[in-house]
Each structure stands twice: as C-alpha cells, then as structure tokens.
Asker: 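The structure follows.
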Amino acid sequence: MKHVLRIVLALAIAGLFVFALSWSAVDITKSSNYKTYELNFLVNLSGIEDSKKDSTINDVKVELDKRLHKFDVANVKSNFNSKDNNSFINLEFGTIDDINVIKPALSLNDIFVIKEKLAVEMPTEEVAAEENTTTETETPTTEETVTEETETTPAVESEEVIKPEETYKAEIEAKANEALQKVLGGETFEIVAQNEVERDPLKIVFAQADWMYKDEIKDIFAEKLFNMEPGQVSPELIKYQERPFALAAPIDVLAIVKLLAKEEIDRSSSTPKQVEVSHILIAYKDAMRAAETTVRSKEEAKSLADEIKTRLDNQEDYANLAKEFSDDTSNKATGGLLRAPAGTNTYVEQFENAALNLEKEGQISDVIESPFGFHIIKAGKITAATEESHKETRVKFAVIFYAVQPNEWNNTELTRKHLNNVEITYTKEYDPYLTLNFNEDGKLMLKSLTEKNMNNILGIFVGKELITSFTVQEVNDKGVIKILRPATTKEADDLKAKLTQLALPAPVILIDFKDTTPQPEKTEVEN
C-alpha cells in the first residue's frame with residue numbers, strides 16, 4: 001500500500017512540474033513587441049549539378065530553419081518557388097527579437113580560411129596581431145615569449161608576390177568587365193555579385209541600397225540611376241576614387257550598378273526655427289575658455305550678470321553694455337552679435353534652448369548658465385520653422401564595388417572543411433585561448449603550407465575579417481594552431497562560433513523584406 005502511495009505521489013509531483021512548466025512558458029505572440037515578417041531569398045545554385053538542385057534547395061530550407069529557430073520565433077512558414085530560371089525560398093514568421101540581427105544571421109556565409117601574406121615587409125599591425133597566435137602544441141602560459149616570434153628578420157616573399165600596380169589595375173578591370181558582360185548577357189545580377197564577392201571578399205563588395213533620393217546618393221551614381229529604368233544595369237563600369245577614411249590615400253574603385261526600383265512620392269522637408277542672436281558673456285575663473293586674466297568667482301559672475309540684466313530691464317542700450325562688460329572678445333566690439341543663428345546646433349545646449357525660447361525680435365532672455373559662464377541673450381531676426389511636401393523621385397539600387405588596389409593576401413585551400421574541431425582551454429591564470437585541430441587532410445595541407453611560407457605571415461580569416469596572423473617559424477606537422485588569449489570567455493565563445501560556422505549548402509541573397517505586422521485599425525477620431 002505504501003509503495004502504491006509513493007507511485008501516486010511521484011506521478012502527482014511530476015504532473016505539477018509539467019503544469020508549472022507549461023504555465024510559465026511565454027507565448028511571444030501575446031507580447032507588445034511581437035512583429036511578423038516576410039523574407040524572400042534568392043538561392044545561388046550556380047555550380048551545382050541539375051540533378052542535385054532540388055535536394056540542395058531542401059537542404060538550404062532546413063539550414064535556414066535551424067538558424068531561424070535560434071531566435072524567439074513563432075508561426076514559421078517556408079516555401080519554395082521559381083521564377084525566370086531562378087530559385088527562391090520565402091520565410092514568414094513572427095518574433096520579438098531584432099529583425100536587423102536575424103536577417104544577416106540567416107544569410108551569413110562567411111567561413112574560416114587561412115591566407116598567406118603577399119607583402120614583402122611585415123606591417124606593424126601584423127606584429128601586434130601575431131602576439132595572439134602560436135603554432136606550438138604545448139599549453140601556452142603568460143610567460144610564453146612571443147618576442148621570439150616577433151623579433152625575426154623581415155618576412156620573405158612567399159611564392160606569390162604583389163604584382164605591379166598597373167598590372168593589377170588591368171587585371172581587376174578585366175574581371176569587373178567580365179562580370180558586367182555576364183549580367184548584360186542575362187545572368188542574374190545578384191548571383192554574379194555574390195560569386196564575385198566569394199572570389200575575393202577583401203576587395204569586392206556587394207551592397208543593396210534601400211529607397212534613396214537623388215541628393216542622398218553619390219553624384220556619379222545619381223547621374224546614372226535617375227536615367228535608368230527598373231531592372232536595367234548600367235552598360236559600362238563606373239570609375240571613381242574613394243577614401244576609406246579621412247586621412248587615407250584615395251583608392252580607385254570600379255562599380256557595376258543595377259536599378260532595382262523607382263517611384264515618385266511626396267517628400268516632406270522641414271526647416272527648424274532659427275534665431276539670430278547677440279549675447280553678453282560674463283565668465284569666471286575656471287569656466288570653459290575663460291581668459292587667464294579672469295579672476296572673479298562664479299558667485300561674483302552671477303551677481304554681475306544679474307546687475308546687467310536689471311540695467312537692460314531699465315532700458316539701457318544692449319550693444320553698449322555688451323561692449324563694456326562681455327568677456328567674449330570675438331564679438332563684444334559689435335555689440336555681442338554672433339555669426340551663426342541659434343537652431344543650427346552651433347552652440348551648447350543651454351544656450352540653444354534659451355535662444356530658441358525667444359519669441360520676438362529684440363526680446364532679451366533671463367540670465368542663463370553654460371560651461372562658458374553666464375549669458376544674457378538678445379534675439380535678432382527670427383525665422384519660423386517650416387514644413388513642406390513636394391513630389392520627388394527615389395530609387396532602390398544594387399552595386400558591385402571593386403577596390404583597385406593590390407591584394408595583400410592570397411587564398412589557400414585550407415578552409416573550414418579541413419577543421420576537425422575548435423577547443424576552448426585555459427592558461428594557469430584562467431585566460432581563455434583557442435586550439436584549432438585539423439583533420440588528416442588539413443594536417444597535411446598545414447604542413448605543406450608552413451613549409452612553403454617559412455618566415456612569411458599566415459592569416460586566419462572568417463570571410464573578410466582577419467582574426468589573427470602569425471609568422472611561420474617552423475614546419476607545423478601536428479595539425480594544430482593555437483589562438484592565444486581572447487580577452488574574455490564570451491569572446492572566446494563568439495570566436496569559436498565564427499570559426500566553426502558551417503556554410504549554407506548554397507549561398508542565399510535577401511531579395512525582398514516586408515514587415516507584415518497588422519496595423520491597428522484607426523478610430524473615428526483618428527480618421
């Protein structure tokens with residue numbers, strides 16, 4: 001009898017546990033943040049045999065589903081369709097997660113690859129990155145001397161070397177023209193673009209721009225795009241120069257552009273309120289930009305500003321008081337008149353707000369404080385805020401960019417498929433590091449690669465991202481590479497995920513994206 005009671009009690013507890021779990025489960029569709037979306041992907045089946053295309057599409061659907069379910073999603077639907085000899089996968093789902101995180105995670109196809117350096121000399125960045133990598137098999141410690149690796153003779157040339165600049169320019173232009181002729185000949189622009197990027201992700205970029213107006217687009221593209229029709233590709237390469245960042249030398253860029261869509265809509269433009277202003281500044285010791293000769297205290301400055309405001313209230317002349325008392329030497333001689341109006345984000349917040357609160361010309365503010373001291377502001381001409389709407393054309397477009405500069409890295413055949421596993425282990429000081437273990441084929445390839453690149457630099461990449469690099473000091477016949485000490489365990493986990501990311505069975509390109517969240521019906525008052 002006691003045995004029966006124990007069984008009944010155990011079952012009851014188990015039932016309560018299951019009930020508690022189901023009761024605590026969150027139905028994300030009830031969340032106020034729940035939104036629904038539709039994503040349409042073009043499947044890049046180039047290079048896949050006709051007999052394997054259907055199974056490949058199915059494998060892509062399965063992998064996209066796996067990736068999608070790493071997020072909080074519900075009501076997932078997927079289907080396949082074809083049009084104009086192209087294959088598409090359509091995904092519909094609801095989520096409370098950020099769609100701008102989900103979209104790239106679904107189509108991500110960057111995988112691990114080892115590249116060999118083509119430059120003759122080892123740049124400073126490589127020396128710094130090298131301190132995080134070793135090809136030894138012993139467990140590293142914080143006392144490991146990476147200086148032995150870095151204090152080497154300059155890296156010798158690998159079997160591949162950087163070609164003369166003009167030769168490279170001619171080659172990249174020929175490749176860009178070849179891609180252009182493919183799309184002009186009827187091949188799908190997006191697939192050609194993706195294949196080009198995969199060939200050289202460090203120098204070739206594919207970008208799709210959402211709706212943009214003419215004044216938002218680089219002139220050389222705007223001139224072409226607004227004279228094209230949707231679906232049209234510019235019949236020649238677009239050539240221009242670009243600076244990667246402000247102080248960088250300009251590089252030549254080639255581009256192939258396709259107009260995706262064009263429409264004319266109402267465009268609203270607004271001009272904020274602007275107020276021409278004069279001011280009297282009373283500074284104090286230690287205020288921002290106060291003159292070295294300023295000795296008055298903050299309290300004394302406030303007292304003087306209040307006294308001047310009282311005199312202004314008694315109708316004394318503003319310009320004369322500014323010439324007599326203002327500590328802003330750049331404009332006191334002109335009665336405190338400032339060059340730029342308030343409302344143009346020229347001045348500190350306290351000053352801008354006080355000036356914009358003035359309603360009529362000649363009005364004088366109360367004493368206000370800013371980091372520069374105490375101000376008394378006088379309004380000049382006031383321009384009211386305006387808002388207008390007019391018809392204007394906007395476009396969606398896609399571009400393949402080619403950077404016309406020599407490659408620094410050469411691809412090798414050692415990629416993700418040769419990686420057995422990646423392990424996270426720790427030094428005696430509990431610093432995480434990663435160990436990359438290669439399979440038998442990878443082991444042989446790593447041995448050959450290090451023999452070939454003795455005293456040269458090898459880089460570990462995921463897509464276009466350089467993870468780390470190191471100078472080859474000895475032949476690696478163990479099939480193991482160690483990446484030393486990511487900063488935190490989370491960084492080590494993230495890096496492991498990047499290195500072990502599997503490519504999709506076939507690459508996909510996001511062609512269309514819709515927010516399909518039902519909009520609440522308007523009430524009669526709103527209508």
Asker: Over all heavy atoms of both residues, which pair between Ala179 and Ile256 is shortest? Give the atoms and the distance, please.
Answerer: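 Shortest heavy-atom contact: CB-CD1, 4.0 Å.
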
Asker: Is there a side-chain contact (heavy atoms from CB on, under 4.5 Å) between Thr516 and Lys35? Walk through the geometry before answering.
Answerer: CA-CA 8 Å; Thr516 57; Lys35 291 189 174 184; over 6 Å; no

Asker: Among all residues two or more places apart in sequence or in another chain, which pass the ring pair (Phe, Tyr, Trp, His ring centres under 6.0 Å) test with Phe513?
Answerer: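 In terms of ring pair (Phe, Tyr, Trp, His ring centres under 6.0 Å), with neighbours along the sequence ignored, Phe513 is linked to Tyr37.
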
Asker: Specify the closest pair of heavy atoms between Leu180 and Pro235, including all atoms of both residues, with the distance to one decimal.
Answerer: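 Heavy-atom minimum between the residues: CD2-O, 3.6 Å.
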
Asker: Taking only residues two or more places apart in sequence or in another chain, which ones pass salt bridge (Lys or Arg N to Asp or Glu O under 4.0 Å) with Lys417?
Answerer: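 Lys417 satisfies salt bridge (Lys or Arg N to Asp or Glu O under 4.0 Å) with no residue once adjacent residues are dropped.
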
Asker: Which residue pairs satisfy the salt bridge (charged side-chain N to carboxylate O under 4.0 Å, His left out) criterion with at least one member in residues 221-238, sequence neighbours excluded?
Answerer: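 For residues 221-238: Lys224-Glu236.
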
Asker: Does atom NZ (Lys273) have a neighbourhood of more than 12 heavy atoms from anything else shown, all under 6.0 Å?
Answerer: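 More than 12 heavy atoms, drawn from other residues, nucleotides or ligands, come within 6.0 Å of this atom.
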
Asker: Could you tell me whether the side chains of His390 and Glu392 share a donor-acceptor contact shorter than 3.5 Å?
Answerer: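 Result is yes, a qualifying pair exists.
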
Asker: Ignoring hydrogens and geometry, is there a side-chain-to-backbone donor-acceptor pair from Thr488 to Glu491 under 3.5 Å?
Answerer: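 Confirmed, Thr488 side chain pairs with Glu491 backbone.
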
Asker: Under 3.5 Å, side chain of Thr517 to main-chain N/O of Thr36, donor-acceptor pair present?
Answerer: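 Pair found, side chain donor or acceptor close to backbone of Thr36.
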
Asker: Give a yes or no on whether a salt bridge exists between Asp50 and Lys53, defined as a side-chain N under 4.0 angstrom from a carboxylate O.
Answerer: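 Judged by the 4.0 Å cut-off on N to carboxylate O distance, Asp50 and Lys53 do form a salt bridge.
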
Asker: Go through the structure and list residues passing ring pair (Phe, Tyr, Trp, His ring centres under 6.0 Å) with Tyr240, not counting sequence neighbours.
Answerer: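 In terms of ring pair (Phe, Tyr, Trp, His ring centres under 6.0 Å), with neighbours along the sequence ignored, Tyr240 is linked to Phe221.
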
Asker: Tell me whether Asn476 contacts the main-chain N or O of Gly479 through its side chain, where contact means a donor paired with an acceptor under 3.5 Å.
Answerer: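 Yes.
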
Asker: Given Glu173 and Lys169, is the salt bridge (charged side-chain N to carboxylate O under 4.0 Å, His left out) satisfied, shown in steps?
Answerer: CA-CA 6 Å; Glu173 185 164 348; Lys169 284 184 176 181; over 6 Å; no

Asker: Are the side chain of Lys262 and the backbone N or O of Met228 linked by a donor-acceptor pair below 3.5 Å?
Answerer: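 The answer is yes, because a donor-acceptor pair under 3.5 Å joins these two groups.
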
Asker: Any luck finding a side-chain donor-acceptor pair between Ser46 and Asn195 under 3.5 Å?
Answerer: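 Yes - a donor-acceptor pair under 3.5 Å links their side chains.
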
Asker: Answer with yes or no whether the side chains of Asn456 and Lys117 bring together a donor and an acceptor at under 3.5 Å.
Answerer: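 No pair is found: no donor N or O on one side chain lies under 3.5 Å from an acceptor on the other.
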
Asker: Could you check whether any side-chain N or O of Arg416 sits under 3.5 Å from a backbone N or O of Thr500, counting only pairs where one atom can act as donor and the other as acceptor?
Answerer: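 Present.
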
Asker: Excluding sequence neighbours, so at least two apart, what forms side-chain contact (heavy atoms from CB on, under 4.5 Å) with Asp54?
Answerer: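 Testing Asp54 for side-chain contact (heavy atoms from CB on, under 4.5 Å), a comparison that skips the adjacent residues, returns none.
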
Asker: Decide side-chain contact (heavy atoms from CB on, under 4.5 Å) for Leu458 and Thr450; before the verdict, give the C-alpha distance in whole Å, the side-chain angles of both, and the deciding distance to 0.1 Å.
Answerer: CA-CA 8 Å; Leu458 295 181; Thr450 51; 4.2 Å; yes

Asker: Can Leu39 and Leu106 be said to form a side-chain contact (heavy atoms from CB on, under 4.5 Å), step by step?
Answerer: CA-CA 10 Å; Leu39 280 64; Leu106 292 177; 3.9 Å; yes

Asker: Sorted by first residue and then second, give each salt bridge (charged side-chain N to carboxylate O under 4.0 Å, His left out) pair with at least one member in residues 68-93; sequence neighbours left out.
Answerer: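 Checked against salt bridge (charged side-chain N to carboxylate O under 4.0 Å, His left out) - neighbours excluded - no pair reaches residues 68-93.
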
Asker: Should the pair Lys239-Asp252 be classified as a salt bridge under the 4.0 Å nitrogen-to-oxygen rule?
Answerer: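 Looking at Asp252 together with Lys239, the answer is no, because their closest N to O distance does not fall below 4.0 Å.
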
Asker: Under the side-chain contact (heavy atoms from CB on, under 4.5 Å) test, which residues partner Ala176, sequence neighbours left out?
Answerer: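 side-chain contact (heavy atoms from CB on, under 4.5 Å) check on Ala176 returns Leu237, Leu254, Tyr402.
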
Asker: Any side-chain donor-acceptor pair under 3.5 Å between Asn437 and Asn421?
Answerer: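 Result is yes, a qualifying pair exists.
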
Asker: Compute both the distance and the angle, then confirm whether Lys214 meets the cation-pi test with Phe226: under 6.0 Å from the six-membered ring centre, within 45 degrees of the axis.
Answerer: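 The answer is yes; both the distance and angle limits are met.
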
Asker: Say whether, by atom type as modelled, one donor and one acceptor occur between the side chain of Ser448 and the main chain of Met445 under 3.5 angstrom.
Answerer: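 Here the side-chain-to-backbone pair does not exist.
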
Asker: For Thr412, check side-chain contact (heavy atoms from CB on, under 4.5 Å) against everything at least two apart and list the hits.
Answerer: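 Only Ile114, Glu116, Leu414, Leu449 meet the side-chain contact (heavy atoms from CB on, under 4.5 Å) criterion with Thr412.
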
Asker: Restricting to salt bridge (Lys or Arg N to Asp or Glu O under 4.0 Å), what partner residues turn up for Glu242, sequence neighbours left out?
Answerer: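 Salt bridge (Lys or Arg N to Asp or Glu O under 4.0 Å) list for Glu242, sorted by chain: Lys218.
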
Asker: Step by step, work out the side-chain contact (heavy atoms from CB on, under 4.5 Å) result for Phe189 and Val233.
Answerer: CA-CA 9 Å; Phe189 182 90; Val233 176; 4.0 Å; yes

Asker: Does this structure show an ion pair linking Glu216 with Arg394, if we count only N-O contacts that are shorter than 4.0 Å?
Answerer: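 Salt bridge between Glu216 and Arg394, a charged N being under 4.0 Å from a carboxylate O: no.
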
Asker: Salt bridge (charged side-chain N to carboxylate O under 4.0 Å, His left out), that's the test. Do Lys498 and Glu465 meet it? Break it down for me.
Answerer: CA-CA 10 Å; Lys498 284 183 180 180; Glu465 180 184 359; 3.0 Å; yes

Asker: So, taking the atom named CD1 in Ile511 and the one named CZ in Phe41, what distance separates them when rounded to the nearest 0.5 Å?
Answerer: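 Here the interatomic distance stands at 10.0 Å.
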
Asker: If you look at every heavy atom in Asn86 and Ile191, which pair is closest and at what distance?
Answerer: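 Residues Asn86 and Ile191, closest heavy atoms: OD1-CD1, 3.9 Å.
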
Asker: If a pair satisfies salt bridge (charged side-chain N to carboxylate O under 4.0 Å, His left out) and one of its residues is in residues 183-198, list it, with sequence neighbours excluded.
Answerer: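 Every pair satisfying salt bridge (charged side-chain N to carboxylate O under 4.0 Å, His left out) with a residue in residues 183-198: Glu190-Lys258, Glu196-Arg199.
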
Asker: Determine the minimum heavy-atom distance between Leu502 and Ile111, stating which atoms define it.
Answerer: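 For Leu502 versus Ile111, the nearest heavy atoms are C-CG2, 4.4 Å.
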
Asker: Go through the structure and list residues passing ring pair (Phe, Tyr, Trp, His ring centres under 6.0 Å) with Phe461, not counting sequence neighbours.
Answerer: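 Once residues adjacent in sequence are excluded, the partners of Phe461 under the ring pair (Phe, Tyr, Trp, His ring centres under 6.0 Å) criterion are Trp409.
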
Asker: How long is the straight-line distance from CG of Asp97 back to OH of Tyr34, given to the nearest 0.5 Å?
Answerer: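 Taking OH in Tyr34 and CG in Asp97, the distance rounds to 12.0 Å.
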
Asker: Are the side chain of Lys496 and the backbone of Val422 linked by a donor-acceptor contact shorter than 3.5 Å?
Answerer: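 Yes, because the side chain of Lys496 sits within donor-acceptor range (under 3.5 Å) of the backbone of Val422.
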
Asker: Got a donor-acceptor contact below 3.5 angstrom from the Asn439 side chain to the Gly442 backbone?
Answerer: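 Judged by distance alone, yes, a pair lies under 3.5 Å.
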
Asker: Any donor-acceptor pair under 3.5 Å linking the side chain of Asn81 with the backbone of Asn90?
Answerer: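 It does not hold such a pair.
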
Asker: When rounded to the nearest 0.5 angstrom, what is the spacing between CG in Asn44 and OG in Ser107?
Answerer: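 So the CG of Asn44 and the OG of Ser107 are separated by 12.5 Å.
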
Asker: Nearest heavy-atom pair of Ala506 and Ile48: which atoms, and what distance?
Answerer: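 Between these two residues, the closest heavy atoms are CB-CD1, 3.9 Å.
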
Asker: Okay, side chain of Glu387, backbone of Ser270: is any donor-acceptor separation there less than 3.5 Å?
Answerer: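 No: the side chain of Glu387 does not pair with the backbone of Ser270.
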
Asker: Any salt bridge linking Lys61 with Asp65? Criterion: basic side-chain nitrogen under 4.0 Å from a carboxylate oxygen.
Answerer: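 Looking at Lys61 and Asp65, the cut-off is not met.
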
Asker: Taking all atoms of both residues into account, what is the closest heavy-atom pair of Leu434 and Leu495, and its distance?
Answerer: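 Where Leu434 meets Leu495 most closely, the heavy atoms are CD2-CG, 3.8 Å.
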
Asker: Does Glu49 have any side-chain contact (heavy atoms from CB on, under 4.5 Å) partners at least two apart in sequence or in another chain, and if so, which?
Answerer: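 Glu49 satisfies side-chain contact (heavy atoms from CB on, under 4.5 Å) with Ser51, Lys52 only.
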
Asker: Could you walk me through whether Asp494 and Lys490 pass the salt bridge (charged side-chain N to carboxylate O under 4.0 Å, His left out) test, one step at a time?
Answerer: CA-CA 6 Å; Asp494 291 344; Lys490 183 182 184 307; 2.8 Å; yes

Asker: Salt bridge between Lys391 and Asp266, side-chain N to carboxylate O under 4.0 Å?
Answerer: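 Yes, this pair counts.
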
Asker: Between Asp98 and Lys103, does the salt bridge (charged side-chain N to carboxylate O under 4.0 Å, His left out) criterion hold? Intermediate values first, please.
Answerer: CA-CA 9 Å; Asp98 186 352; Lys103 285 192 293 185; over 6 Å; no

